[in-house]
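Below, read A as the first sequence line, B as the second, and so on, with proteins coming before strands; counting in each chain starts at 1.
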Amino acid sequence: MLDPSFQPISFEPGIYERWEENGDFKAKSEANKKSFLITMPPPNVTGALHMGHALFVSIQDTYARWKRMLGYNTLWLPGTDHAGIATQVMVERQVESEGSSRVKLGREAFLKRVWDWKKEYGGTITEQIRALGSSCDWSRELFTLDTKSSLAVRESFTRLYHDGLIYRGERIVNWSSGLQTAISDLEVELKPVQGALYYLKYKLADNSGDQILVATTRPETIFADVAVAVNPEDPRFKGFHGKEVIVPLSGQRVPIILDSYVDREFGTGALKITPGHDANDWQIGQRHKLKTISCIGKDGKLNELAGEFAGLFASKARKTVAEKLVALELMDREEKHNHEVGFCQRTGVVVEPLVSMQWFMRMEKLAAPALQAAQGDDPALRFYPDYWKKTYFEWLNNIQDWCISRQLWWGHQIPAWHCKACSKITVPKSSQDADPKSCVHCASSKIEQDSDVLDTWYSSALWPISTLGWPNKTSDLEIFYPQMKANMVRGGQEAKALMETGSDILFFWVARMVMMCTYFMDGRLPFEDVFLHAMVRDDKGQKMSKTKGNVVDPLEITEKHGSDALRLTLLALSGQGRNVNLDLKRLEGYKSFLNKLWNASRFAMMQLDEAKIVTAADPREHLQDLDFVDRCLLDSLDDTVRKVNEHLTQYRPDAAFQEIYQFSWYEFCDWYLELVKLKNGKLHTLSHALETIMRLLHPMAPMVTEKISSELPWGKQGIIIHAQYPLPHDKKLASAADQKKLAAIIMAVDGIRNFRTENKIAPKQQIVAFLETKESALWQEIKPLVMALAKISDVQLNAALPAGLSGKVSNELFTFTFPLEGLVDKEGERTRLRNELKKAKADLDFSQKRLHNPAFLERAKPDLVAMEKRNADLTQEKIKVLEEALLKLS
RNA sequence: GGGCAGUUAGCUCAGUUGGCAGAGCGCCACCCUUACAAGGUGGAUGUCGCAGGUUCGACCCCUGCACUGCCCACCA
């Protein structure tokens, strides 16, 4: 039996343990069944559970459980990410607090420390994910540095290298001096900064005394200047073409070059070219075959080229150099200037564009199929919400080569060996090959593995295939990996694999998975549907952050209100927008909903127990036992079932839940249960409806539905998770007459309740009624129900109306008259009637406006016109009754 | 500079073939009616961001604008 009070914390933990022990989440290794795959976005091992995780769990678990209940062999595959930078930095700090350092320890010892840390604390996040009820298959859990993942990384790298899609080269990259590593474009965050624009004098080298003014925000980089560029069309500089200038301070002679990149409107129209410290300048340098020199080192300090400024941090040097330029009268002026500066997303330190030797992935060829996959009217790859497609295209169409090397230790070390003898590179042919012992070019044995590791997102990009065992030919890959190819049309096929993740990592992760996996799987996509959820904010739409102190901890919520309430809240708020503003008031509302269901279940169980009902079989098998109330309820339930499935199919879990909420509370609890108390029928509809509600809700609120259904007479532990998900029937049960009867009850009861409240007649007070109606047969059928619900002790049908003070309730079927003599004063009833009359007149006005409009009569749908006419008639009649009643009261 | 999204009740949000605007919380009144006070019954509350247009009819479709948030971008 269910406890009288709903306390989620009392039953949640036990339920999860049982499921896991029973192996209820395990996907089967059978190929003969339709399958469904969700690959979990692996959270950082170092991470602690936050609302973003809670949101993805809520959505993904809903889909995993829904599909499982629909009979799919469902695999929700969990794992964790090694998170190169985050983890290394964290352990580094730990080591430093002990007075040691990463460098002192050395690579091997340091890595051991990280692994030790991972062994000890790496399970925290997965335990927390369990606490939310996640039905993922833990037997297949993977860590991105596990051998399975490493094998995939090695196989992909060797193949891409030999296919010419991975290369090593000296390029300008984003250098994080904080982390001492290169980072990718995506890891750079641009922020507006108030800086200055310095106008420097570059004197002509021909001693003519002429000069060119050059505007720059970074005077400290002049030591690496190799040219000054002007727009070839700019008349102001026509005379300078082909000449040379002297770089201030450094004294270097550099050429004046012509490039249309230069904006004539900006600054002075002359641009200093510093290929070593600016990405655009680097490109111009490439075009003009200029050499690249650097005056800032990897430590972020100026080097010997800067002469007296050597050793200064670049940021400091700017001011010092500027002052010197002023002193030497080489600066014309300085203006305030706001511009965008790149910051390292991780450390917040300014990113320095530097030239260094790095590994890159050539993206253009890889992007083509990824683009194709989502193009066309019926693309193989679909986005939900659809508008993300545009963003995806935008990025892929302008894709740049990806800097994949990181100067870190924690990660996948690049499987490439450098030869000390011939300095060429040896990369194994495939993952099958062992580490090379000698150079393939000169056979020297003096080879050493590249010390860099790969960007964390590299292994993430392979996640959908590495988790399934690729490059080995595994049964998981066979069973779960989609067949749909990037160049196919979808043709109405449902997705075999779903990617559900945050919209913030569309480029970082989603696009790269599509490119990489498609490449290695013969054009087959890693997933056909991409569902991108919004970002969780606080109730004011602010980003949650520790410094703001507005972080809501999911585990605290779970302990207090249960994981189900949290899940339902996140689902309900995850609409189509880009934010989920977490309002804890909503959470309490949804917890109340669960409380309501809990109590409704307790009530139903008492009734069923008394009636000795032990089955939830579909009452459609026993039509003779059903009355009109049952038939209407079953139809409405069926509508709900249909809508819930539709909404889930369209990736609108919020709407799906809303349907369940509305039906359960307003139809099942408010009306059906109240009617069940009054009617003496069989209770098969009650048992079936309750079971159906539990099943419908189970994917979204697994804990409470498991608890309740395990207590039902026909239930037991752990069966709802594998129960058939409700599907709609084709046939309706209720006739028009049935519907009319139920509507009549509701109309009469609502009207009388309103009448009672407005006249301040106590809820308990029984009253008598005189009824005028043309539907006396119908009335006889519903009489006892209306009388009980509206607390009427006696009804005189079509009898002479009483003299004296009375009240009236009128609708399209019935007109009730209630003697009020001695009960109330007439003022209350008069006010009520006036309000009703006002409403009725407004309604009539609305109808007549339409009906007097010839265009409406002519152009609107005939059904609508007919309905409007009927409405007008009924309202007119009602007005007549109300006016008469009012007259009597005056 | 370009793009995307949002703007609906006091607050957080729904509103999918255009047909008299909805939920939760909050608010008011009355009820502990034995499933549920985390409840019941009834009620109040909206120039649906602004301005045009299409239409018999617009929260919904079109155009322009404003504000908010996010993403992308090579103006030094």
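Between A/Glu758 and A/Gln7, the residue anchored nearer the 5' end of RNA chain B, judged by the nucleotide with its closest heavy atom, is A/Gln7. Take the nearest nucleotide of RNA chain B for A/Cys669 and for A/Glu189: the residue whose nucleotide is more 5' is A/Cys669.
Nucleotides B/C30 and B/A35, compared at atom P, are 25 Å apart to the nearest Å. Atom name P, nucleotides B/U7 and B/C59: the rounded distance is 15 Å, in whole Å. Rounded to whole Å, the separation between the P atoms of B/C70 and B/G64 comes to 25 Å. Straight-line distance between the P atoms of B/U8 and B/C50: roughly 10 Å, to the nearest whole Å. Across the P atoms, B/C36 and B/U41 are found 14 Å apart, a figure rounded to whole Å. Comparing B/C67 with B/C25, their P atoms sit 36 Å apart, to the nearest whole Å.
Counting only heavy atoms from C-beta outward, the side chains of A/Leu690 and A/Ser601 approach each other to under 4.5 Å. Put simply, the side chain of A/Phe856 does not reach to within 4.5 Å of the side chain of A/Lys849, judged on heavy atoms.
Of the candidate nucleotides B/C20, B/A76, B/C31, B/A76 has the atom nearest to the side chain of A/Phe266. In this structure, the nucleotide among B/A73, B/C56, B/U16 sitting nearest to the side chain of A/Gln650 is B/U16. Listed nucleotides: B/C74, B/C13, B/C11. Nearest to the side chain of A/Leu573: B/C13. When distances run from any side-chain atom of A/Asn581 to the nucleotides B/U12, B/G19, B/G3, the shortest one goes to B/U12. Here the side chain of A/Lys677 is nearest to one of B/A35, B/U12, B/C56, namely B/A35. Side chain of A/His647, nearest nucleotide from B/U16, B/U41, B/A76: B/U16. Counting only heavy atoms from C-beta on, A/Asp843 has its side chain closest to B/C20 among B/C20, B/A38, B/C70. Distances from the side chain of A/Arg753 to the nucleotides B/A35, B/C13, B/U41 place B/U41 closest. If you check B/G15, B/C31, B/G24 against the side chain of A/Arg586, the one that comes closest is B/G24. Each of B/G19, B/A76, B/A73 was ranked by its minimum atom distance to the side chain of A/Leu864; first place goes to B/G19.
At a cut-off of 3.5 angstrom, the base of B/A73 holds no donor-acceptor pair with the side chain of A/Glu394.
No engagement by A/Ala279 is indicated, since no non-hydrogen atom pair under 4.0 Å with the nucleic acid exists. Nucleic acid contact for A/Tyr387: sugar-phosphate only, since backbone atoms but no base atoms lie under 4.0 Å from a heavy atom of the residue. Looking at heavy-atom distances under 4.0 Å, A/Tyr666 makes contact with sugar-phosphate atoms alone, never a base. Counting non-hydrogen atoms under 4.0 angstrom, A/Gln542 reaches nothing in the nucleic acid.
When all heavy atoms of A/Met363 and A/Gln400 are compared, the pair lying nearest together is CG-O, 3.3 Å.
The partner of B/A35, taking Watson-Crick or G-U wobble pairs whose two distances both stay under 3.5 Å, does not exist in any strand shown. With a 3.5 Å ceiling on both atom-pair distances, the Watson-Crick or G-U wobble partner of B/C30 is B/G40. Across all strands shown, B/C20 remains unpaired; no Watson-Crick or G-U wobble contact has both distances below 3.5 Å. Shown here, B/G49 forms a base pair with B/C65; the pair counts as Watson-Crick or G-U wobble because both key distances fall under 3.5 Å. In this structure, B/G57 forms no base pair with any nucleotide, since neither Watson-Crick nor G-U wobble geometry is met with both distances under 3.5 Å. Pairing of B/A14, defined by two Watson-Crick or G-U wobble distances under 3.5 Å, is not identified with any nucleotide. Pair assignment for B/C74: none, as no Watson-Crick or G-U wobble contacts are both less than 3.5 Å.
Proximity of A/Asn754 to the phosphate of B/G43: a side-chain N or O atom is located under 4.0 Å from OP1 or OP2. For the OP1/OP2 pair of B/G40 and a distance below 4.0 Å, the side-chain nitrogens and oxygens of A/Trp665 include at least one atom meeting the criterion. In this model, the phosphate group of B/C13 is not approached by any side-chain N or O of A/Tyr661 to a distance below 4.0 Å at OP1 or OP2. Between A/Lys596 and the phosphate of B/G40, there is a side-chain N or O to OP1/OP2 separation shorter than 4.0 Å. For A/Arg602, no side-chain nitrogen or oxygen approaches OP1 or OP2 of B/A35 to under 4.0 Å. The phosphate of B/A76 (OP1 or OP2) has a side-chain N or O of A/His337 nearer than 4.0 angstrom. When the side-chain nitrogen and oxygen atoms of A/Thr391 are compared with OP1 and OP2 of B/C72, none of them lie within a distance under 4.0 Å. When the side-chain nitrogen and oxygen atoms of A/Arg756 are compared with OP1 and OP2 of B/G43, none of them lie within a distance under 4.0 Å.
Residues A/Tyr199 and A/Glu335 bring a donor and an acceptor atom of their side chains to less than 3.5 Å of each other.
Taking the ring axis of A/Phe603 as reference, the NZ or CZ atom of A/Lys677 stays within 45° of it and closer than 6.0 Å to the ring centre.
Ring orientation note: the planes of A/Phe266 and A/His337 are nearly perpendicular, at an angle over 60° on the 30°/60° scale. Between A/Phe507 and A/Trp395, the two ring planes are parallel [angle under 30°; tilted spans 30° to 60°].
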Fill in: Test log, rule salt bridge (Lys or Arg N to Asp or Glu O under 4.0 Å), inputs A/Glu829 and A/Arg832
CA-CA 5 Å; A/Glu829 175 65 359; A/Arg832 193 187 69 84; 3.0 Å; yes

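Lacking a ring centre under 5.5 Å from that of the base six-membered ring together with a plane angle below 30°, A/Phe856 does not count as stacked on B/C56.
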